[in-house]
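Before I ask anything, let me first share the structure, which is written out below as structure tokens.
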2 protein chains.
Amino acid sequence: MSIPVSPSIRKRISESTIHRLSLYYRALSLLEKENYETVSSKELAKREKLTPAQVRKDLSFFGSFGTRGLGYPVKELRAQISSILGLDRTWRVALIGIGNIGSALVSYKEFSKQGFQIVKLFDNDQRKIGSNHKGIIVSDIRNLETELRNDRIEMVVLAVPATVAQYIVDDVVRAGIKAILNFAPANLKVPDDVYLRNENMSMELEYLSFAIVNNHAQKRVKLNI
Amino acid sequence: MSIPVSPSIRKRISESTIHRLSLYYRALSLLEKENYETVSSKELAKREKLTPAQVRKDLSFFGSFGTRGLGYPVKELRAQISSILGLDRTWRVALIGIGNIGSALVSYKEFSKQGFQIVKLFDNDQRKIGSNHKGIIVSDIRNLETELRNDRIEMVVLAVPATVAQYIVDDVVRAGIKAILNFAPANLKVPDDVYLRNENMSMELEYLSFAIVNNHAQKRVKLNI
DNA sequence: TATTCTTTGTTACCAATTTCACTTGACATT
DNA sequence: AATGTCAAGTGAAATTGGTAACAAAGAATA
């Protein structure tokens with residue numbers, strides 16, 4: 001029995017929907033561990049602090065996975081979302097910059113758990129080049145372009161100082177990489193066909209700070225009757 | 001001369017607006033370094049890949065900071081946003097969990113640069129308790145509640161395993177903390193009056209993965225004529 | 001000082017997203 | 001088999017967020 005392929009997506013799916021898919025995926029993984037067979041949009045919504053309608057809408061963009069009157073089959077829905085998000089395979093990831101953040105990310109289990117395998121490390125520091133981090137030898141950043149190509153890297157995680165981030169990302173783009181996750185607090189320019197996401201860890205603290213200072217109204221709590 | 005206080009905010013300001021304020025703040029800091037006196041919404045928009053209209057609208061929620069025909073005074077606008085975001089002061093932050101991520105965050109300069117001073121560390125590992133990280137002695141997590149109170153901590157950064165995160169956050173809430181930044185991939189429950197933000201580092205990789213697999217349309221590039 | 005030019009602040013409009021409410025289908029029970 | 005219940009799926013309504021256009025304010029210029 002093969003899992004039916006999700007219909008190819010015509011509409012542009014919103015970023016928020018994709019992020020929520022990640023949430024559903026995590027919730028479903030947990031539900032599976034807890035031996036649930038099925039789950040309703042209501043329960044899923046409750047667990048992720050959303051509304052049942054939103055859960056159903058989000059999922060309906062990709063197909064009809066549920067059974068009316070019963071709910072969604074946990075195991076199957078998880079597999080579906082896994083396939084939609086591309087988590088049913090592994091990704092070859094290179095990490096550039098073995099500083100504080102970089103080192104932490106090498107050891108960050110969540111990444112490999114989701115199939116993001118860091119298989120390559122780069123730094124410009126002679127003391128770090130050649131050293132071993134979790135079984136990976138740190139490469140010289142001067143060989144970035146060729147090594148990214150040779151090792152068939154598909155994604156790059158950038159954890160370098162903001163001041164040099166643009167130069168490095170230019171190299172990364174030249175190597176044909178189409179997906180970059182940037183931790184440097186910098187606004188990087190990439191061509192249209194390269195996906196760039198920024199992880200700005202200060203931003204959320206700044207949001208908290210704003211919320212406290214301005215006594216900002218919390219998101220209304222939805223009752224799931 | 002005193003900086004005029006931003007009018008108290010009636011409307012709920014959207015999360016996106018706040019995040020963009022962070023971007024403006026960063027851009028303005030840079031512009032100040034580059035000795036710009038003023039900046040137009042057009043230039044600011046270009047630097048952050050937004051539209052001039054959006055920049056003006058965002059800022060107009062908080063007051064009229066610009067001069068028609070001239071633009072915004074860089075130094076002053078930066079100070080204004082700083083005050084809006086609560087970055088014109090320092091925050092006493094405790095970091096819980098001195099693992100990979102936790103250790104990296106202690107040394108993460110961006111935080112202190114924005115006034116988020118990590119002044120307290122907690123862990124449950126006997127080998128770590130009492131040790132010194134960047135001048136801070138790691139405390140025993142068993143004393144969490146009292147020490148958070150005694151040291152007048154205002155924000156907590158949580159970098160503990162997902163499995164124990166809820167227990168710890170319950171303690172944190174009991175200590176009267178109203179702002180929490182959570183790095184654990186878990187859905188934490190907190191009372192309505194506690195601000196909780198989640199930093200989910202896998203999510204952005206998952207978005208990239210989705211984008212590649214589905215050849216997802218990029219956000220249209222806006223021309224700033 | 002008058003005129004032109006630039007750029008803000010704001011309102012009106014449009015698009016995207018979320019919520020609502022209803023319809024439909026599956027299962028369970030009698 | 002008929003009936004009742006539950007929950008998914010869905011189109012329409014409401015809300016929210018973003019864009020565009022323009023009037024007003026000030027700066028630059030002559």
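Convention: sequence-line order gives letters A, B, ...; per-chain numbering from 1. As the structure is a prediction and not an experimental result, all values here were calculated from the model.
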- Query: Roughly how many Å is it from CD in Gln54(B) to P in dA16(C), rounded to a whole number?
  - Reply: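 Result: 14 Å.
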- Message: Between the side chains of Glu15(B) and Arg20(B), is the shortest nitrogen-to-carboxylate-oxygen separation below 4.0 Å, so that they form an ion pair?
- Response: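 Salt bridge absent between Arg20(B) and Glu15(B).
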- Query: Roughly, in whole Å, what's the span from CG in Asp58(A) to P in dT10(D)?
  - Reply: 14 Å
- Task: Check the distance between dG9(C)'s P and Phe62(B)'s CZ and give it to me in whole angstrom.
- Result: 14 Å
- Sequence neighbours left out, what pairs pass side chain to side chain donor-acceptor pair (under 3.5 Å) with at least one residue falling in residues 170-182 of chain A?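 Qualifying pairs, neighbours excluded: Gln166(A)-Asp170(A), Asp171(A)-Arg174(A), Lys178(A)-Asp193(A), Asn182(A)-Asn198(A).
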Collect all protein-nucleotide pairs involving nucleotides 25-30 of chain C in which both atoms are nitrogen or oxygen and the distance is under 3.5 Å.
residue : atom : partner  : partner atom : Å
dG25(C) : N2   : Arg68(A) : O            : 3.4
dG25(C) : N2   : Gly69(A) : N            : 3.2

- Message: Any N or O donor-acceptor pair under 3.5 Å from the base of dT19(D) to the side chain of Lys57(B)?
- Response: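 Yes, the side chain and the base share a sub-3.5 Å donor-acceptor pair.
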- Query: Does the base of dT7(C) carry an N or O that pairs as donor and acceptor with the side chain of Lys42(B) under 3.5 Å?
  - Reply: no
- Would you mind reading off the distance between Leu59(B) atom CG and dT10(C) atom P, rounded to a whole angstrom?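 The answer, rounded to whole Å, is 12 Å.
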- Query: Just checking, is any N or O donor in the side chain of Glu206(B) or Ser22(A) under 3.5 Å from an acceptor N or O on the other one?
  - Reply: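 Side chains of Glu206(B) and Ser22(A): pair found under 3.5 Å.
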- Using atom CG of Leu50(A) as one end and atom C1' of dT17(C) as the other, report the distance to the nearest whole Å.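 From Leu50(A) CG to dT17(C) C1': 13 Å.
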- In whole Å, what is the span from the NE2 atom of His19(A) to the C1' atom of dT18(C)?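 Distance check: His19(A) NE2 to dT18(C) C1' gives 17 Å.
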- Can you tell me if Asp58(B) and Tyr24(B) form a side-chain donor-acceptor pair at under 3.5 Å?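 The criterion, which ignores hydrogens and geometry beyond distance, is satisfied for Tyr24(B) and Asp58(B).
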- May I ask you to decide whether Arg89(A) forms a salt bridge with Glu154(A), counting only side-chain N to carboxylate O separations under 4.0 Å? yes
- Task: Tell me which of Tyr72(B) and Thr17(A) sits closer to the 5' end of DNA chain C, going by the nucleotide each one is nearest to.
- Result: Tyr72(B)
- Task: For Gln80(B) and dG9(C), give me the distance from atom CD to atom P, rounded to whole Å.
- Result: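 For the pair Gln80(B) CD and dG9(C) P, the rounded distance is 11 Å.
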- Query: Which nucleotide, dG9(C), dT19(D), dT17(C), lies nearest any side-chain atom of Ser14(A)?
  - Reply: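 The nucleotide sitting nearest to the side chain is dT17(C).
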- Message: Measuring from the side chain of Arg20(A) (C-beta onward, heavy atoms only), which nucleotide among dG18(D), dT18(C), dT8(C) has the closest atom?
- Response: dT18(C)
- Query: More than 12 heavy atoms of other residues, nucleotides or ligands under 6.0 Å from NZ of Lys75(A): is that the case?
  - Reply: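 Open: at most 12 neighbouring heavy atoms sit under 6.0 Å from NZ of Lys75(A).
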- Query: Reckon Ser41(B) touches a base, only the sugar-phosphate, or nothing at all at heavy-atom distances under 4.0 Å?
  - Reply: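 It contacts sugar-phosphate atoms only.
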- Which nucleotide in dT18(C), dC22(D), dA8(D) has an atom nearest any side-chain atom of Arg56(B): dC22(D)
- Query: Between Arg26(B) and Glu32(B), is there a salt bridge with N-O shorter than 4.0 Å?
  - Reply: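 No.
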- Task: Round to the nearest Å and state the distance from Arg12(A) atom CZ to dT17(C) atom C1'.
- Result: 13 Å
- Query: From dA8(D), dG9(C), dG9(D), pick the nucleotide closest to the side chain of Ser40(A)?
  - Reply: dA8(D)
